[in-house]
> 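Sharing a structure below in structure tokens format, with a few things to ask.
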Amino acid sequence: MFKNTTSLRRTAARLGLGATAALVLATALPGVAQAHVTVQGEAKGGGFSVVAFRVPNERDDASTTRLRVILPKDHPIGSVQTTAVPGWKVTTATRKLDKPIEMFGEKLDTVVSRVTWSATGGGIKPGQFQDFDLSLGQLPESGRLVFSTLQTYSSGEQVNWNEVSADPSVEPEHPAPVLEITPAAAAEPASSAAPDTTTDTTAGTTAGTTAGTTASSTPTSGTADETSLTLPIVLSGAALALSLFAAVLAWRRRGPVEALASEPASEPVSEPAPGPERVEV
């Protein structure tokens with residue numbers, strides 16, 4: 001009996017440890033999956049957009065002291081502008097293009113290749129994050145841009161966020177920040193109501209005016225016809241209702257009189273002794 005009780009206690013203890021470990025993993029894994037550099041903001045194709053590189057610090061014993069963002073080589077960006085970030089120093093590097101790109105009618109053969117933010121203070125503390133803004137343009141008409149980033153800690157550790165998974169449903173261990181580009185809205189089609197272009201502009205204008213007048217008069221005529229048909233029906237219904245109401249009132253008034261007249265005369269009876277006069281209601 002004692003051995004069975006001890007065995008049950010050991011089994012329960014093992015189950016408890018297993019459940020605790022599963023709970024810790026379930027709580028920790030979502031945080032690990034989200035603790036990487038990402039791109040925040042919307043980007044419209046063919047235009048300029050301000051995006052932010054969000055950098056969380058997933059270390060408990062070190063701060064993030066530097067972030068380096070490498071711009072995509074397959075899609076050179078003509079305009080890359082930074083903004084001041086308190087507690088950080090920003091620097092840029094450029095590269096020469098093999099094939100110049102055109103921007104606002106100007107040929108560009110040199111573009112920004114990377115941007116680096118270096119902490120001048122304590123950097124990003126454990127449990128905190130920091131956004132680093134960039135203005136980018138002109139962006140491609142559609143598709144996505146992949147940025148390779150390097151995160152450096154006060155301990156000297158470096159983490160490359162530069163992996164892209166071939167399967168979108170599987171996230172790599174160190175995913176690279178990806179900016180999805182929304183295609184620019186298509187131009188609105190020309191109105192089909194505009195008159196066709198003809199050699200005789202006067203005739204075209206007259207025809208267009210006549211057609212417009214005819215088209216606009218059609219709904220008005222239809223509305224008038226519906227009104228002319230609806231009004232007599234409503235008046236007829238009202239007259240019928242009044243007639244029925246009058247007939248009911250007349251029947252209620254004539255009913256008791258006709259009933260009394262149709263009753264047979266009663267046989268004479270002896271009159272009672274004189275007394276107070278009673279009136280039948």
> Taking all non-hydrogen atoms of both residues into account, name the closest pair between R59 and V159 and its distance.
NH2-CG2, 3.9 Å

> Does the side-chain contact (heavy atoms from CB on, under 4.5 Å) test come out yes or no for R95 and L97, once each step is laid out?
CA-CA 7 Å; R95 66 184 175 96; L97 299 176; 3.6 Å; yes

> Under the 3.5 angstrom rule, does the side chain of T110 hit a backbone N or O of K96 as a donor-acceptor pair?
no

> Is there a side-chain contact between E58 and H36 in this structure, where contact means two heavy atoms from C-beta onward sitting under 4.5 Å apart?
no

> Give a yes or no on whether V112 and V90 share a hydrophobic cluster (residues Ile, Leu, Val, Met, Phe, Trp, Tyr; joining criterion: side-chain heavy atoms under 4.5 Å apart).
yes

> Would you say the side chain of N57 lies within less than 4.5 Å of the side chain of Q128, judging by non-hydrogen atoms?
no

> Could you check whether any side-chain N or O of S63 sits under 3.5 Å from a backbone N or O of S154, counting only pairs where one atom can act as donor and the other as acceptor?
no

> Run the numbers on V115 and L134 for side-chain contact (heavy atoms from CB on, under 4.5 Å), then give the verdict.
CA-CA 9 Å; V115 182; L134 279 183; 4.3 Å; yes

> Side-chain atoms of residues 40-49: list all donor-acceptor pairs with protein atoms under 3.5 Å, sequence neighbours left out, distances to 0.1 Å.
| residue | atom | partner | partner atom | Å |
| --- | --- | --- | --- | --- |
| Q40 | NE2 | T38 | OG1 | 2.8 |
| S49 | OG | E42 | O | 3.4 |

> Would you call V80 and S135 a side-chain contact if the rule is heavy atoms closer than 4.5 Å?
no

> Over all heavy atoms of both residues, which pair between R114 and L71 is shortest? Give the atoms and the distance, please.
CA-CD1, 4.1 Å

> Under 3.5 Å, side chain of T120 to main-chain N/O of G87, donor-acceptor pair present?
yes

> Is a side-chain N or O of Q130 found less than 3.5 angstrom from the main chain of T64, in a donor-acceptor match?
no

> Please answer whether the main-chain N or O of A52 pairs with a side-chain N or O of D131 as donor and acceptor at a distance below 3.5 Å.
no

> Looking at every heavy atom in both I77 and G137, which two are closest together, and how far apart are they?
CG2-O, 3.2 Å

> For D74, does the CG atom sit with more than 12 other heavy atoms under 6.0 Å from it, leaving out its own atoms?
yes

> Would you compute the distance between atom CZ of R54 and atom CZ of F129 and round it to the nearest 0.5 angstrom?
4.5 Å

> If you take all heavy atoms of P175 and P172, which pair is closest and at what distance?
CD-O, 3.4 Å

> Could you tell me whether W88 and F132 have their ring centroids closer than 6.0 angstrom?
yes

> Got a donor-acceptor contact below 3.5 angstrom from the S165 side chain to the D167 backbone?
yes

> Kindly check if the number of other-residue, nucleotide or ligand heavy atoms within 6.0 Å of CD (E173) is above 12?
no

